[in-house]
Protein chains: 2
Amino acid sequence: MASQANARKGSGRHASAPAPDEGTAMRIGDLARLVGTTPRTIRYYEEIGLLPAAAERHAGVHRLYGASDVERLREIMSLRQLLGVSLEELKELLSAQEARAALKAEYHREDLSPARRREVLAESLVHIERQLALVERRVRELSGLRDELRGRAKRIRALLAEGKQGAAQRRKAAAGGRA
Amino acid sequence: MASQANARKGSGRHASAPAPDEGTAMRIGDLARLVGTTPRTIRYYEEIGLLPAAAERHAGVHRLYGASDVERLREIMSLRQLLGVSLEELKELLSAQEARAALKAEYHREDLSPARRREVLAESLVHIERQLALVERRVRELSGLRDELRGRAKRIRALLAEGKQGAAQRRKAAAGGRA
DNA sequence: TCTAAACCTTACGTGAACGTAAGCTTGAGG
DNA sequence: CCTCAAGCTTACGTTCACGTAAGGTTTAGA
């Protein structure tokens with residue numbers, strides 16, 4: 001019922017196209033398999049606004065995705081895993097990127113004042129740098145942890161090497177080493 | 001950080017001492033404030049076996065913690081945040097460390113065969129290296145992300161700089177730059 | 001045209017990681 | 001010794017991030 005005025009199946013263009021014009025159109029199951037998740041998760045992300053909800057999709061019609069959606073979803077899952085943030089925080093972080101995508105389109109139009117163009121770029125830069133700061137902090141912290149662990153490993157290896165060639169009493173000299 | 005053989009407290013020794021001999025004994029609320037969490041969380045961690053449950057504590061008696069507990073809890077929260085693992089996974093990861101702590105005690109006894117000593121050390125090394133591998137992978141992934149973001153920022157800054165000194169048409173020449 | 005797999009919506013269920021409330025007990029300080 | 005803030009146990013509540021099931025619809029393909 002209600003098949004609407006959508007009879008234009010001639011070539012491409014069904015409801016809910018993946019993007020203005022992106023080659024490969026896949027369904028939710030394919031996308032899920034591709035990025036290693038489930039349809040439910042993808043729908044959930046859409047539901048909470050983490051993934052954009054193809055505007056022109058009538059109730060019941062299958063969702064369609066393109067290459068950019070794959071990329072986006074991959075990025076989401078990667079960021080989530082790496083930064084360990086909640087989906088809500090991630091959404092905020094990426095709203096930046098969404099805006100950037102929109103602005104990117106705007107940016108590439110020929111009729112755009114240089115001033116506006118600069119505005120768009122500047123805003124993008126702010127967003128990226130915010131993400132960057134987050135990531136860099138994280139890298140620093142993790143590097144610290146890594147170095148600590150390396151130190152411990154090194155100390156143990158030293159003890160092992162020392163023990164190997166006799167000198168069991170030598171240990172007292174090198175006291176303080178935490179096992 | 002080992003406080004070594006401290007002067008025995010005059011009349012210390014209530015149930016649930018923080019450790020065989022650790023100076024500062026604090027209650028759960030203090031510990032919570034110190035590491036930035038809540039008593040409930042600490043009890044929960046104990047409940048699921050992530051924090052050791054002072055063996056000799058009779059029902060109803062207040063929990064007491066020492067410096068090593070602070071350290072332990074800090075490490076837990078840090079690892080959890082940095083590695084983004086579940087408490088269950090973390091528990092496994094740390095069971096290693098727990099064992100190490102136990103073995104450390106054993107290790108420092110004078111009467112211990114060099115062979116056994118080497119065993120203890122080797123096992124410790126395995127555990128540490130497992131953690132290390134995890135952390136290093138994480139660092140690599142995050143570094144990749146960081147570099148990607150840096151690249152994007154750089155490109156945008158280049159566009160901004162270019163736009164700044166006139167030449168609005170120059171853009172066409174440097175086409176392909178993703179906003 | 002017909003079929004069956006994949007998808008749709010809606011809604012309730014679940015595990016992890018705590019939050020919160022109630023009623024009672026402990027223990028540090030006056 | 002008394003008090004009362006802080007703790008204790010028990011138990012139900014909550015948020016997040018999906019899982020799962022039911023019942024109907026869409027759509028690729030024979």
Side-chain angles (χ1 to χ4, degrees), chain A residues 1-4 6-10 12-18 24-51 53-54 56-65 69 73 76-77 79-81 83-92, chain B residues 9-18 24-51 53-54 56-65 69 73 76-77 79-81 83-92:
Chain A
M1 43 182 77
S3 33
Q4 297 297 85
N6 192 21
R8 330 189 21 188
K9 301 185 90 173
R13 303 272 39 185
H14 358 64
S16 153
T24 50
M26 65 186 80
R27 306 211 302 262
I28 199 170
D30 306 324
L31 175 58
R33 238 164 290 126
L34 213 62
V35 307
T37 183
T38 73
R40 169 62 170 132
T41 294
I42 296 177
R43 287 193 208 102
Y44 178 64
Y45 285 4
E46 180 186 314
E47 184 185 330
I48 65 173
L50 192 53
L51 284 173
E56 347 122 28
R57 209 181 109 259
H58 309 262
V61 179
H62 292 184
R63 291 168 179 81
L64 290 179
Y65 301 92
D69 297 304
L73 187 48
I76 286 179
M77 298 181 66
L79 280 177
R80 175 161 168 51
Q81 157 83 355
L83 298 186
V85 295
S86 74
L87 295 183
E88 199 53 38
E89 292 169 303
L90 197 53
K91 185 175 151 191
E92 254 188 85
Chain B
K9 300 208 229 156
S11 59
R13 305 278 35 188
H14 1 61
S16 151
T24 51
M26 65 186 81
R27 305 212 301 266
I28 199 170
D30 306 323
L31 174 57
R33 237 164 290 127
L34 213 60
V35 306
T37 184
T38 72
R40 169 60 170 138
T41 295
I42 296 177
R43 286 193 208 103
Y44 178 62
Y45 286 2
E46 180 185 312
E47 184 185 330
I48 65 173
L50 192 53
L51 285 173
E56 350 122 27
R57 209 182 107 257
H58 309 260
V61 178
H62 293 185
R63 291 167 180 82
L64 289 181
Y65 301 92
D69 297 304
L73 187 49
I76 286 179
M77 298 182 67
L79 280 178
R80 175 160 167 52
Q81 157 83 352
L83 298 186
V85 295
S86 74
L87 295 183
E88 200 54 38
E89 293 169 302
L90 198 54
K91 186 175 149 189
E92 254 189 84

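Chain A is the first sequence line, chain B the second, and so forth, proteins listed ahead of strands; every chain is numbered from 1. When reading the values below, keep in mind they use all heavy atoms of this one structure, side chains included, and skip hydrogens, waters and symmetry mates. This one's a predicted model, so the numbers in the text were calculated from it and none came from an experiment.
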Euclidean distance, atom CE of residue B:Met26 to atom C1' of D:dA6 [Å, nearest integer]: 15 Å
Atom-pair distance (CD on A:Glu47; C1' on D:dG19), nearest Å: 13 Å
Test item: A:Thr37 and A:Tyr45 side chains (from C-beta on) under 4.5 Å apart, heavy atoms: no
Footprint string (nucleotides 5-20 of chain C, 5' to 3'): B base within contact, S backbone only, - free, heavy atoms under 4.0 Å: -SSSB-------BBBB
Reference residue A:Arg63; test side chain to side chain contact (heavy atoms under 4.5 Å, CB included); the match among A:Glu46, A:Met26, A:Arg27: A:Glu46
Integer-rounded Å distance: D:dA17 C1' and A:Ile76 CD1: 14 Å
Sole residue of B:Asp30, B:Ile76, B:Leu73 in side chain to side chain contact (heavy atoms under 4.5 Å, CB included) with B:Val35: B:Leu73
Note, B:Val85 side chain near B:Leu79 side chain (heavy atom, < 4.5 Å): no
Nearest atoms (heavy-atom pairs only) where A:Pro39 meets A:Ile28: O-CD1, 3.6 Å
